[in-house]
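In what follows, a structure is listed as structure tokens, so that the remarks can point back to it.
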Amino acid sequence: MAQKPSIPKGTRDFLPAEVAKRNYIYSTIRKSFEVYGFSPIETPSFELSSTLLGKYGEEGDRLIFKILNSGEKVKKADLDALKEGNLARFSNSISEKALRYDLTVPFARFVVQHQNDLSFPFKRYQIQPVWRADRPQHGRYQEFYQCDADVVGSDSLLYEVDFVLLFDEVLSNLNIPDFTIKINNRKILSGIAEICGEADKIFTITVAIDKLDKVGIEGVVKELSEKGVSETALEKIMPLFDISGNTDSRLSQMKEYLAKSEIGQEGIRELEFVLEKVNSLGVKSAKIEFDVTLARGLNYYTGAIFEVKANGVKMGSICGGGRYDDLTSVFGMKDMSGVGISFGADRIYDVITELDLFPDTVDNNLELLFVNFGENEQNYCLTLVKEIRSHGISCEIYPSAVKMKKQMKYANDRGVKNLALIGQNEIDANTILLKNMETGEQKSMLLEEVITLLKN
RNA sequence: GUGGUUGUAGCUCAGUUGGUUAGAGUAUUGGUUUGUGGUACCGAGGGUCGCGGGUUCGAGCCCCGUCUUCCACCCCA
């Protein structure tokens, strides 16, 4: 019985042309990571549930794919928990492993586990898939690649500066014409909460003001009061919505607003440092913007928060990142400040596709195809194929002596650049009839000439 | 997780108030052309109408469930 082929929701197959484009993105990112001094590592696609759970907030836990215990272990199922409707406890009893949700938490685990083998500050990059049990939507998948660069073991703001430059470099190299790097600082958000007298509600407050763009002031206020933020606190938040102008002017207004908050002032100072250094070093094509509503992202950020948006495209953020002072402490390692960024390769792919910005050269098509005219000719060509391949030129012979038309069509469909036609005449003359599939021109050449021509 | 939306040939889609054998374009394949492709003409193959129930004399079409698609929330790369 034939089964209808399909793949799980939120996942995709990639055809050769797509893989070529994806590799182009990865290698562009990888190259810049290495130029900035990061070394690659890899971690398993799944971790112990205990490593992941509780690190991303309640919402994050819900989106973690859990792996069912195999074999006899399913007998550990806590059926009482199921009867009581305690689904979290029940699922913990049948699952001890989970697919990684991002690359940052596994990295923190990695750092603690291998601390004796690393020298700090430790800079690593990692390009691997992650999984989220989210509802698929435009630019949201259940399996997608993140390209992360992080450094742990230093609280120097020079790294924040480096990461902003790195965003600019990579996205410029990918020819993305218009993008904005948004920067904020968690300490500024803490300062806001402090000024309001609701320091313990910082998370509620930041999530709400993150939506300012979307729901407006009324929407934010509504959400805040629904979540139990007091009237007096709301009044103290209101001046925040009046802040406007360019980054410099907003920053100075913010400085005033946070005058009485020490932590807020510290956030401002950090931000000023980063912006000033980036500004004096200069960027290629990024727009850089202080955005006080930028609060999105994982709730483990403690300092700088980054987010990158491609302008003119309907797509969520394509990159994110920030500083996290305490991530390794849950794994038993204190005083290890880390900062890092993540490129969302799949969203970048979608953006480049939408803007039609992939270079024509990314497709790694076959350079040369030998037409197969029969057994004699085939044997003769096999030697030539081997010789040409030894020069690093991609090359093959059509596998059977079918009609010329069919072989031509195959070459066409595959985007083969050149055709070699060798019949008895060519064998006798010791030449190769080389046909350029794009122009249709053909020319009789010696083997050496073909190799020289195609090597470029 | 909440609300809505979608599913017919490999792909893009028609298919009347429920009524004979479910169509088109494109792709595939054979030929016109046995050493010259991307064009044209002629022919051929290809469909459990997402899946499972139900209503009906009769379901691609109506009802329920389920999976998938896309969208808005939640959240996020």
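Convention: sequence-line order gives letters A, B, ...; per-chain numbering from 1. Side-chain atoms are counted along with the backbone in the values below, which use heavy atoms only and exclude waters and symmetry mates. For clarity, every value in this text was computed on a predicted model and none was experimentally measured.
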Margin query: On the nucleotide B:rU36, are OP1 or OP2 found under 4.0 Å from the side-chain N or O atoms that A:Q407 carries?
Written below: no
Item checked: Of the listed nucleotides B:rC75, B:rG35, B:rG38, the one nearest the side chain of A:N412 -> B:rG38
Margin query: So, under a plain 3.5 Å distance rule, would you say the side chain of A:K405 forms a donor-acceptor pair with the base of B:rU32?
Written below: yes
Notebook entry, point to check: Is A:G10 touching bases, backbone alone, or none of the nucleic acid, heavy atoms closer than 4.0 Å?
Noted result: sugar-phosphate
Item checked: Rounded distance in Å - OH (A:Y398) to C1' (B:rU34) -> 15 Å
Notebook entry, point to check: Under 4.0 angstrom, heavy atoms only, what part of the nucleic acid is A:L433 near: base, sugar-phosphate, or nothing?
Noted result: base
Next item on the list: Measure from the side chain of A:M404, starting at C-beta and using heavy atoms only, and say which of B:rC76, B:rU69, B:rG35 lies closest.
Entry: B:rG35
Next item on the list: Name the nucleic acid region contacted by A:G423, choosing base, sugar-phosphate or nothing; use a 4.0 angstrom heavy-atom cut-off, strictly under.
Entry: base
Item checked: Atom P, compared across B:rG25 and B:rC61: separation rounded to whole Å -> 26 Å
Next item on the list: Please work out if A:G60 contacts a base, only the sugar-phosphate, or nothing of the nucleic acid, heavy-atom cut-off 4.0 Å.
Entry: nothing
Next item on the list: Rounded off to whole Å, could you give me the CD1-to-C1' distance for the A:I422 and B:rU36 pair?
Entry: 15 Å
Notebook entry, point to check: Contact class for A:S317 vs. all strands (heavy atom < 4.0 Å): base, sugar-phosphate, or nothing?
Noted result: sugar-phosphate
Margin query: On RNA chain B, does the nearest nucleotide to A:K214 precede the nearest nucleotide to A:S342 from the 5' side, or the other way round? Give the residue.
Written below: A:K214
Next item on the list: Mind listing the closest non-hydrogen atom pair of A:K201 and A:G228 along with its distance?
Entry: NZ-O, 3.5 Å
Margin query: What's the gap between B:rU6 and B:rC67 when it is taken at their C1' atoms, as a whole Å value?
Written below: 12 Å
Next item on the list: Could you measure between the two P atoms, the one in B:rG53 and the one in B:rA14, and give it in whole Å?
Entry: 28 Å
Check: Counting any heavy atom closer than 4.0 Å, what does A:V207 reach on the DNA or RNA strands: base, sugar-phosphate only, or nothing?
Finding: sugar-phosphate
Margin query: Say we look at B:rA72 and B:rU5: how far apart would their P atoms be, to the nearest angstrom?
Written below: 15 Å
Check: What interatomic distance, in whole Å, is found between C1' of B:rG30 and the corresponding atom of B:rG46?
Finding: 15 Å
Notebook entry, point to check: Looking for any heavy atom pair under 4.0 Å, which part of the strands does A:G57 touch: base, sugar-phosphate only, or nothing?
Noted result: nothing
Check: Between A:K435 and A:E441, is there a salt bridge with N-O shorter than 4.0 Å?
Finding: no
Next item on the list: Answer with yes or no whether A:E426 presents, from its side chain, a donor or acceptor under 3.5 Å of a partner atom in the base of B:rG35.
Entry: yes
Checklist line | Nucleotide B:rC75, atom P - distance to CG of A:D213 in whole Å | finding: 15 Å
Checklist line | Nearest-angstrom distance from the residue atom NZ of A:K409 to C1' of B:rU39 | finding: 12 Å
Checklist line | A:E226 CD to B:rC74 C1', straight-line distance once rounded to whole Å | finding: 14 Å
Margin query: Rounding to an integer number of Å, can you tell me how far A:K182 NZ sits from B:rA77 C1'?
Written below: 15 Å
Notebook entry, point to check: Hey, what do you get for CD (A:E367) to SG (A:C395), rounding to the nearest 0.5 Å?
Noted result: 9.5 Å
Item checked: Identified pairing partner of B:rG30, criterion: Watson-Crick or G-U wobble below 3.5 Å -> B:rC42
Notebook entry, point to check: Could you give the CG-to-P distance, from A:L15 to B:rC11, as a whole number of Å?
Noted result: 12 Å
Note to self: Please tell me whether A:N372 and A:S400 have a donor and an acceptor in their side chains that are separated by less than 3.5 angstrom.
What the structure shows: no
Notebook entry, point to check: Do A:K287 and A:D178 meet the salt-bridge criterion of a basic N to acidic O distance under 4.0 Å?
Noted result: yes
Item checked: Nearest-nucleotide pick for A:K403, side chain only, options being B:rA77, B:rC74, B:rG30 -> B:rG30
Note to self: I'd like the C1' distance from B:rU68 over to B:rU21, given in whole Å.
What the structure shows: 31 Å
Check: Between A:N425 (CG) and B:rG35 (P), how many Å, whole number?
Finding: 12 Å
Margin query: Ring centroids only, cut at 6.0 angstrom: are A:F167 and A:F343 within range, meaning strictly under it?
Written below: yes
Notebook entry, point to check: Are A:R135 and A:Q137 linked by a side-chain donor-acceptor pair shorter than 3.5 Å?
Noted result: no
Note to self: Any base atoms under 4.0 Å from A:Y141, or only sugar-phosphate, or nothing? Heavy atoms, all strands.
What the structure shows: base
Margin query: Less than 4.0 angstrom from a charged side-chain N to a carboxylate O is my criterion; do A:R109 and A:E47 meet it?
Written below: yes
Next item on the list: Sticking with atom P, work out how far B:rG19 lies from B:rG60, rounded to a whole angstrom.
Entry: 10 Å
Item checked: hbond_proxy A:R135 side chain to B:rU2 base (donor-acceptor, 3.5 Å cutoff) -> yes
Checklist line | Rounded P spacing from B:rC63 to B:rU17 in Å | finding: 15 Å
Checklist line | A:K314 side-chain proximity, nearest of B:rC70, B:rC71, B:rC76 | finding: B:rC71
Margin query: Let's test your reading of the model: under 3.5 Å, does the base of B:rU36 pair with the side chain of A:Q442 as donor and acceptor?
Written below: yes
Margin query: Determine whether a donor-acceptor pair (one donor, one acceptor, N or O, separation below 3.5 Å) exists between the side chain of A:R140 and the base of B:rA77.
Written below: no
Note to self: Just to be sure I understand the rule, does A:E441 reach a base, reach only the sugar-phosphate, or reach nothing, if contact means heavy atoms closer than 4.0 Å?
What the structure shows: nothing
Next item on the list: Could you pick out which residue, A:G440 or A:D413, lies toward the 5' side of RNA chain B when each is mapped onto its nearest nucleotide?
Entry: A:D413
Check: So, is A:K406 close to the B:rU34 phosphate, meaning a side-chain N or O under 4.0 Å from OP1 or OP2?
Finding: no
Next item on the list: Return yes when atom CD of A:E42 has more than 12 non-hydrogen atoms of other residues, nucleotides or ligands closer than 6.0 Å, and no otherwise.
Entry: no
Next item on the list: Mark this stacking check for A:F144 against B:rA77 as yes or no, applying ring centres under 5.5 Å and ring planes under 30°.
Entry: yes
Next item on the list: Report yes or no: is there a donor-acceptor pair, N or O only, under 3.5 Å between the side chain of A:K435 and the base of B:rU36?
Entry: yes
Next item on the list: Look at all strands and tell whether A:Q146 reaches a base, only sugar-phosphate, or nothing, counting heavy atoms closer than 4.0 Å.
Entry: sugar-phosphate
